[in-house]
Amino acid sequence: MDQTSVPDNKSGIPSSISREALYEAVWSEPATHLAAKYGVSDSFLARVCKRLHVPRPQPGYWAKQGVGKAPPKPALPPAAPGDEIQWLPANPLPPQQRRRPPTDGPPRPPSHQVEAITEAVPLPGIETSSKQTGKNSLRHKRVRAIHPLIEGAIGLIPIGRISEEGYYRSRKRLLPDILTSSAQLESIVRIANKLYRHLESRGHRVRMANASEHFQRREVDPRPASRQPRYYDSLWHPERPTVVYVDTVAIGLSLFETLESVEMQYVRGEYVPVSKMTNASRALLGSSTWTTQRLIPSGEFCLQAYSPYAATDWVKRWQGKPNTLINQFEEVVPTLEVAPATIRTLVEQARLAAEQRKREWEESEQRRRREEQAKHRLQMIETARSELLSIIEDWNESKRIEAFFREILTQGTDGSEQARAEIERKRVAAWQLFGGGSTIARLPQWRAPDETEDT
């Protein structure tokens with residue numbers, strides 16, 4: 001059985017199917033038959049093939065194969081960095097309970113928000129065509145106006161509630177790693193779109209990480225640097241990190257709005273920045289209010305790039321107003337392009353450290369087992385010794401009682417049969433009272449320490 005296609009014990013549906021196994025399967029029988037085996041529809045299976053970049057037969061292929069006119073099977077293309085390499089089929093509902101997947105895709109943002117995302121703000125070092133416009137111009141890859149990660153995100157981010165700090169806390173988790181307040185939603189999405197397009201124009205794929213890659217997202221800290229450490233448990237975080245693949249190395253990307261400490265005044269159940277209070281409103285409130293320092297979204301943004309690999313510590317940050325941050329893309333991209341060498345070194349160091357910890361743990365376990373075995377052997381020796389001494393003491397006691405009655409029989413009677421019978425009866429009763437022949441019977445059951453270890 002293919003180890004990459006393991007059947008589920010309950011449903012008979014494989015719990016894990018590799019790209020290679022799926023490729024062989026879709027070219028071995030019609031999609032309708034194969035989809036039924038997997039418990040999905042043929043259209044769903046087609047989407048899985050598209051997601052895993054698995055070529056599949058075109059309509060009419062099987063009829064042509066029946067008459068020997070089928071086109072040759074295309075080769076399976078190698079997986080690019082970040083591509084899914086396995087499909088994990090869910091346990092599907094019965095056909096009558098399945099819902100037809102929506103055909104209109106994710107919610108589209110309002111037209112004015114689309115214009116805000118795609119407005120013509122030039123990106124540093126990026127050309128939108130493949131023609132060279134100057135002597136020192138670089139030829140870049142043509143990219144879409146709206147990056148696939150951004151499509152629909154501006155409409156999905158607000159679905160939820162507002163956190164204590166003023167950030168969107170979306171109920172959706174499969175979103176790009178963007179943290180923002182409602183006032184800066186369009187600005188931060190526009191910056192993210194430009195950043196993702198900029199990176200892809202340089203040939204670096206930006207996407208949400210696959211669950212099978214087990215990447216770790218580095219937490220963001222939007223507070224001012226002078227603030228004391230505090231854990232923010234209400235900040236939204238994505239289900240998977242957003243990563244850019246430079247060569248074959250993944251680099252995590254988080255874009256978030258920072259916080260600033262502002263003096264706030266309590267006014268009718270809410271806090272209002274003191275800077276927005278008028279003299280008339282202050283006079284009206286008088287002493288019935290108070291002021292305090294609170295953290296609120298600042299309107300500035302921070303881009304955090306980090307290593308998503310376990311036990312590696314590499315992070316870079318760029319911060320500023322929208323235009324300032326966009327202008328730093330000239331610094332961001334070269335920094336990310338030279339980062340793989342450093343991250344590879346950190347990953348290798350983490351691997352060696354993990355192997356060292358594993359060796360130390362195994363050596364510690366071996367020492368512990370040896371100590372437990374030695375302790376166990378001493379206990380077995382002590383137990384065997386105590387039991388043997390107990391058998392010997394019982395034997396001595398029984399011999400002493402037997403000698404006592406034998407002496408009585410030979411010296412303490414008048415020789416009458418009746419007296420001898422009475423003494424013999426009491427001897428038997430005493431023998432039974434003190435265990436009788438059980439002492440001798442215990443010896444074969446006694447085990448030496450070596451015999452105990454063998455069992």
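Side chains included, hydrogens not; waters and symmetry mates left out as well; all remaining heavy atoms used. Remember, it's a predicted structure, so these values are computed and weren't measured experimentally.
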Does [X] reach the side chain of [Y], with side-chain heavy atoms less than 4.5 Å apart?
| X | Y | result |
| --- | --- | --- |
| R190 | I326 | yes |
| R240 | L174 | yes |
| H198 | R202 | yes |
| P55 | L76 | yes |
| S163 | W236 | no |
| W87 | L45 | yes |
| L255 | L325 | yes |
| V315 | Q304 | yes |

[X] side chain vs [Y] backbone, donor-acceptor pair below 3.5 Å:
| X | Y | result |
| --- | --- | --- |
| S170 | G160 | no |
| R19 | H53 | yes |
| E257 | G299 | yes |
| E331 | Q328 | no |
| S364 | E360 | no |
| T242 | P176 | no |
| E200 | V206 | yes |
| S181 | G166 | no |
| T345 | A341 | yes |
| D313 | L346 | no |

Original post:
Which is it for D42 and T32 under the side chain to side chain donor-acceptor pair (under 3.5 Å) test, yes or no, and what are the steps along the way?
Top reply: CA-CA 5 Å; D42 52 350; T32 52; 6.0 Å; no
To the nearest 0.5 Å, how far apart are [atom1] in [X] and [atom2] in [Y]?
| X | Y | atom1 | atom2 | answer |
| --- | --- | --- | --- | --- |
| R218 | Y306 | CZ | OH | 9.5 Å |
| I146 | R197 | CD1 | CZ | 9.0 Å |
| Q216 | S307 | CD | OG | 9.0 Å |
| K321 | I191 | NZ | CD1 | 10.5 Å |
| L388 | T383 | CG | OG1 | 12.5 Å |
| T180 | I188 | OG1 | CD1 | 4.5 Å |

**OP:** Examine the side chains of H204 and E337 and answer whether a donor and an acceptor come within less than 3.5 Å of each other.
**Re:** yes
Original post:
Under the side-chain contact (heavy atoms from CB on, under 4.5 Å) criterion, do Y168 and I162 qualify, and how do the steps go?
Top reply: CA-CA 5 Å; Y168 277 125; I162 303 296; 3.5 Å; yes
**OP:** Give me the one residue out of Q379, E371, E372 that meets side chain to side chain contact (heavy atoms under 4.5 Å, CB included) with K375.
**Re:** Q379
Subject >> Residue from V332, L336, V243 passing side chain to side chain contact (heavy atoms under 4.5 Å, CB included) with L253 >> reply: L336
Salt bridge [X]-[Y], side-chain N to carboxylate O under 4.0 Å:
| X | Y | answer |
| --- | --- | --- |
| E363 | R359 | no |
| R351 | E348 | yes |
| R169 | E164 | no |

Using a cut-off of 6.0 Å, state whether more than 12 heavy atoms not belonging to [X] lie near its atom [atom1].
| X | atom1 | value |
| --- | --- | --- |
| R385 | CZ | no |
| Q58 | CD | no |
| R56 | CZ | no |
| K64 | NZ | no |

Could you tell me which non-hydrogen atom of [X] sits nearest to which non-hydrogen atom of [Y], and how far apart they are?
| X | Y | value |
| --- | --- | --- |
| E84 | L52 | O-CG, 3.8 Å |
| D177 | R217 | OD2-NE, 2.8 Å |
| Y23 | P74 | OH-O, 2.5 Å |
| V220 | S254 | CG1-CB, 3.7 Å |
| I251 | A339 | CD1-CB, 3.9 Å |
| K316 | W318 | CB-CH2, 3.5 Å |

Original post:
Between I154 and I150, is a side-chain contact (heavy atoms from CB on, under 4.5 Å) present by the stated rule, with each step listed?
Top reply: CA-CA 7 Å; I154 198 168; I150 299 301; 6.0 Å; no
Original post:
Given the side-chain rings of F256 and F301, with only the six-membered ring counted for Trp, is the space between their centroids under 6.0 Å?
Top reply: no
Original post:
Centres of the W27 and Y61 rings: under 6.0 Å?
Top reply: yes
Original post:
Do H237 and R173 pass the side-chain contact (heavy atoms from CB on, under 4.5 Å) test, and can you show the C-alpha distance, the side-chain angles, and the key distance before you say yes or no?
Top reply: CA-CA 7 Å; H237 57 88; R173 299 286 300 281; 2.9 Å; yes
Original post:
Going through the distances and angles, do R370 and Q373 end up as a side chain to side chain donor-acceptor pair (under 3.5 Å)?
Top reply: CA-CA 5 Å; R370 287 195 297 268; Q373 290 172 356; over 6 Å; no
Subject >> Derivation of the side chain to side chain donor-acceptor pair (under 3.5 Å) call for T258 and E300 >> reply: CA-CA 6 Å; T258 61; E300 291 192 1; 4.7 Å; no
**OP:** Kindly indicate, with the supporting measurements, whether the criterion salt bridge (charged side-chain N to carboxylate O under 4.0 Å, His left out) is fulfilled by E355 and K358.
**Re:** CA-CA 5 Å; E355 290 180 352; K358 182 179 179 182; over 6 Å; no
**OP:** Return the orientation label for the F215 and Y309 ring planes: parallel under 30°, perpendicular over 60°, tilted otherwise.
**Re:** perpendicular
Subject >> Intermediate values then yes/no, side-chain contact (heavy atoms from CB on, under 4.5 Å), I296 and E260 >> reply: CA-CA 6 Å; I296 63 172; E260 61 179 345; 4.3 Å; yes
